[in-house]
Amino acid sequence: MRGKIFLGASIGGSGDRFRGHLDETAVFNRALSQSEVRVNLNHTLTGTEPGLVACWSFDEGAGTVAGDQSPAHRYGLLGAGVVSQQHNG
């Protein structure tokens, strides 16, 4: 994985932003099977999953750094800090 990854923002200068919530974003170096997606859907990844390149859970609660649970530890910079909220439903 090279270069920058932008989550929730346009890099084209349009100023468009994702209007919603992100929770645990993972990047793999391979396509996951449908069953792998189902298995990993409703739990936090451990960081030992085969092919995991980066995984940000956004559980920090505050600050401008998103920790990476993958073996590579590719920490992310957050433009507006982390907003941690509990959502029901």
Side-chain angles (χ1 to χ4, degrees):
M1 191 164 91
R2 295 182 191 161
K4 296 178 181 180
I5 294 177
F6 293 87
L7 301 174
S10 170
I11 60 171
S14 67
D16 291 338
R17 299 279 190 254
F18 174 71
R19 297 180 197 279
H21 300 278
L22 292 175
D23 188 31
E24 191 168 271
T25 300
V27 177
F28 287 83
N29 64 5
R30 62 186 181 83
L32 300 181
S33 70
Q34 190 174 30
S35 63
E36 287 175 304
V37 171
R38 267 193 230 114
V39 165
N40 292 319
L41 187 60
N42 292 312
H43 75 275
T44 301
L45 299 178
T46 64
T48 60
E49 291 76 12
L52 185 65
V53 174
C55 180
W56 302 281
S57 65
F58 305 117
D59 291 340
E60 287 78 9
T64 58
V65 176
D68 177 8
Q69 285 77 33
S70 82
H73 301 291
R74 292 180 172 95
Y75 295 100
L77 282 178
L78 302 169
V82 175
V83 178
S84 178
Q85 297 177 343
Q86 183 68 36
H87 295 279
N88 296 323

Report summary line: For G47 and P71, the nearest pair of non-hydrogen atoms, with its separation, is O-CD, 3.2 Å

Query raised in the report: Which ILVMFWY residues are connected to V37, directly or by a chain of links, through side-chain heavy atoms under 4.5 Å apart?
Result: F28, L32, L45, L52

Requested in this report: Output all residues satisfying salt bridge (charged side-chain N to carboxylate O under 4.0 Å, His left out) with E49, sequence neighbours left out; order by chain, then residue number.
Outcome: none

Query raised in the report: Is the backbone of W56 close enough, under 3.5 Å, to the side chain of D68 for a donor and an acceptor to pair up by distance?
Result: no

Report task. Return the set of residues passing salt bridge (charged side-chain N to carboxylate O under 4.0 Å, His left out) with R38 (not counting sequence neighbours), or none when no residue passes. Result -> none

Report task. Might you point out which heavy atoms bring Q69 and C55 nearest each other, and give the distance in Å? Result -> OE1-O, 2.6 Å

Query - Set of residues satisfying side-chain hydrogen bond (donor to acceptor under 3.5 Å, both in side chains) with respect to S33, sequence neighbours excluded - result: S35, E36

Report summary line: By side-chain hydrogen bond (donor to acceptor under 3.5 Å, both in side chains), T44 pairs with (sequence neighbours left out) none

Requested in this report: Kindly compute the distance separating CG (D23) from CZ (F58), expressed to the nearest 0.5 Å.
Outcome: 8.0 Å

Query raised in the report: What residues, two or more places apart in sequence or in another chain, satisfy side-chain hydrogen bond (donor to acceptor under 3.5 Å, both in side chains) together with N40?
Result: none

